[in-house]
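The next block holds one structure in the form of structure tokens; read it before the comments.
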Amino acid sequence: MIAFDRFTLANGLTLIVHRDEATPLACINILYDVGARDEEESRTGFAHLFEHLMFGGSVNIPSYDEVSPRIGAENNAFTSNDITNYYITLPAQNLEAAYWLESDRMYGLAFSEKSLEVQRNVVIEEFKQRYLNQPYGDAWLLLRPLAYKVHPYKWATIGKEIRHIEEAVMDDVKAFFKKHYNPKNAILVVSGNVDTEEVRLLSEKWFGSIPGGAKPGRNLPEEPRQEEYRRLEVERDVPADSLFMAFHMCSRRDPEYYTMDIISDLLSRGNSSRLYNRLVKDKQIFTELNAYVMGELDKGLFIVAGKVTPQFTLQQGEEAVFEELEKLQNEPVPDAELNKVKNKIEATHTFSEMNVLDKAMNLAFSELLGDANRINTEVERYMNVSADMIQGQAREVFRKTNCSSLHYRSIKKQTS
């Protein structure tokens, strides 16, 4: 059980405090309720660009990364299609210095043309290196618009096109910051060897005077139910043929999510999992094969992805995967197999409660889902999943007409 206190400052900032006297560290985690799904289709990649810009200097602190090491801090950030998350971990006695750093960024960026140019070039280079010039790097740039036709999940966090980042101007940047980076759109979590009342007072001191702004509204288009099988075939200079299969599923907030997450573990968690045992080890159709849930806040995707051995075609690989998915629909999962997966989930959750940063991030995300106390009920939700629930979700999700399949062929294999 993770104990915490929750406050709301007058400007609308949500504050959660978790005290852990077993560590000498403290962590500040700030989750902003903004991700790639909040972008305009003609201006994508902004949420991720902003992640970089937030380290480019604020009103009173010219260089975040110069100050951070001086106070013994480690910091980083990440962006997804749903959220942008910043964190800093440091010795607990230096906590107020972290407050100074983080509050100044929320208060206002420096908005210099130099910083924009530098970070824009960094993101453009990342786009090229990770998505265009890396083997299989463009797979998600292809798979997302295959699976999604109207919802903004159809573009990746990095953006839809490099051109959108290249053409970003200062007015666009300022407007994005003003709309999304304010107290009402943020969740602040402080965890570690801290005093709850002191944290509340520090939060009032450093964040309380920042104008609350307005919570941005969302009116995102709902993706229609997929009723036809989709396939895209591409050829690239890569070592091996790869298969990517995407199935529409529920959202992270839905109770069915826990069933789908367990299904992903049944299929591919560890060397005793179904896909590894049957399609990698026994039949040797794949050299590697994984199944996982994306966990998006809107209705998301269940992914099966792997590399096919030279003796088999992508079509044969896909047919073999469907055979395994059909078994989940037609045959109840044995109790022993299901309990084994549940035990692994419980162990993973227990380990995640040991790290001060993990606890801070999990509390923030649980609060975004609707209640920070979900962090204490997650395991129970998994334990309540039954074999009947697995069969029901498998039948609903693993329809062939719900599948978008990317056949990623190796040019080398075709010409050898």
Side-chain angles (χ1 to χ4, degrees), residues 35-37 39 41 44 81-82 138-157 160 218-234 241-264 266-268 274-275 279 289-306 308 313-333 385 387-409:
R37 65 175 174 160
E39 300 161 347
E41 189 166 359
T44 62
N81 285 70
D82 295 313
D138 65 342
W140 277 101
L141 301 182
L142 299 167
L143 188 59
R144 280 190 175 276
L146 183 65
Y148 290 103
K149 298 306 176 184
V150 300
H151 193 281
Y153 284 158
K154 63 184 175 180
W155 58 81
T157 306
K160 189 175 180 180
R218 283 193 181 95
N219 187 24
L220 303 180
E222 184 175 349
E223 187 68 23
R225 179 180 170 90
Q226 184 173 331
E227 296 289 3
E228 79 286 337
Y229 170 73
R230 300 168 187 163
R231 177 190 290 180
L232 175 64
E233 299 183 7
V234 298
D241 288 357
S242 287
L243 176 67
F244 300 85
M245 300 168 67
F247 298 87
H248 290 278
M249 57 169 278
C250 62
S251 78
R252 181 63 177 82
R253 290 187 172 98
D254 291 327
E256 295 82 7
Y257 168 82
Y258 300 92
T259 302
M260 293 307 301
D261 200 18
I262 280 187
I263 288 175
S264 73
L266 286 167
L267 289 173
S268 76
R274 294 188 173 199
L275 294 182
L279 303 188
L289 188 57
N290 296 294
Y292 52 93
V293 294
M294 297 297 292
E296 289 108 339
L297 294 180
D298 291 332
K299 290 183 179 180
L301 295 176
F302 186 102
I303 304 297
V304 179
V308 178
T313 66
L314 284 165
Q315 179 62 31
Q316 289 172 320
E318 182 174 308
E319 290 171 358
V321 170
F322 269 116
E323 286 181 13
E324 294 303 321
L325 298 181
E326 287 170 6
K327 290 175 184 176
L328 282 173
Q329 300 174 49
N330 300 325
E331 304 168 12
V333 176
V385 172
D388 286 344
M389 294 163 70
I390 290 171
Q391 271 192 287
Q393 279 300 292
R395 289 168 181 163
E396 166 62 23
V397 173
F398 299 136
R399 298 174 289 109
K400 186 164 185 179
T401 54
N402 189 38
C403 178
S404 297
S405 186
L406 173 61
H407 287 203
Y408 203 105
R409 301 186 188 281

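The chain is numbered in sequence order, starting from 1. Predicted, not measured: the structure shown is a model, and the values here were computed from it. Heavy-atom basis, side chains included; hydrogens, waters and symmetry copies ignored.
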* To do: Would you confirm whether Arg395, through its side chain, and Gln329, through its main-chain N or O, come within 3.5 Å as a donor-acceptor pair?
  => yes
* **All salt bridge (charged side-chain N to carboxylate O under 4.0 Å, His left out) counterparts of Arg399, not counting sequence neighbours** => Glu227
* **For His407, ring-ring contact (aromatic ring centres under 6.0 Å, His included) partners two or more places apart** => none
* **Residue among Leu301, Asn81, Leu220 satisfying side chain to side chain contact (heavy atoms under 4.5 Å, CB included) with Tyr153** => Asn81
* **From Leu243 atom CG to Ser405 atom OG, the distance as rounded to the nearest 0.5 Å** => 5.0 Å
* Taking only residues two or more places apart in sequence or in another chain, which ones pass ring-ring contact (aromatic ring centres under 6.0 Å, His included) with Tyr257? -> none
* Asked: How many angstroms lie between atom NZ of Lys154 and atom CD of Glu41, to the nearest 0.5 angstrom?
  -> 3.5 Å
* Do side-chain atoms of Asn402 reach the backbone of Arg225 as a donor and acceptor pair under 3.5 angstrom? -> no
* Straight-line distance of Gln226 CD to His248 NE2, nearest 0.5 Å -> 4.5 Å
* So with a 6.0 Å cut-off around CD of Glu233, is the heavy-atom count from everything else above 12? -> yes
* Evaluate side-chain contact (heavy atoms from CB on, under 4.5 Å) for Glu318 paired with Arg231, printing each intermediate quantity in order. => CA-CA 11 Å; Glu318 182 174 308; Arg231 177 190 290 180; 4.1 Å; yes
* Structure fact -> Rounded to the nearest 0.5 Å, the CD1 atom of Ile263 sits from the OG atom of Ser268 at a distance of 12.0 Å
* Could you state the interatomic distance from CG (Leu289) to CG (Leu275), rounded to the nearest 0.5 Å? -> 4.5 Å
* Glu223 side-chain N/O to Tyr148 backbone N/O, donor-acceptor pair under 3.5 Å -> no
* Looking at OG1 of Thr313 and CD of Glu319, how far apart are the two atoms once the value is rounded to the nearest 0.5 Å? -> 7.0 Å
* **Expected output: side-chain Lys160 to main-chain Ala156 donor-acceptor under 3.5 Å** => no
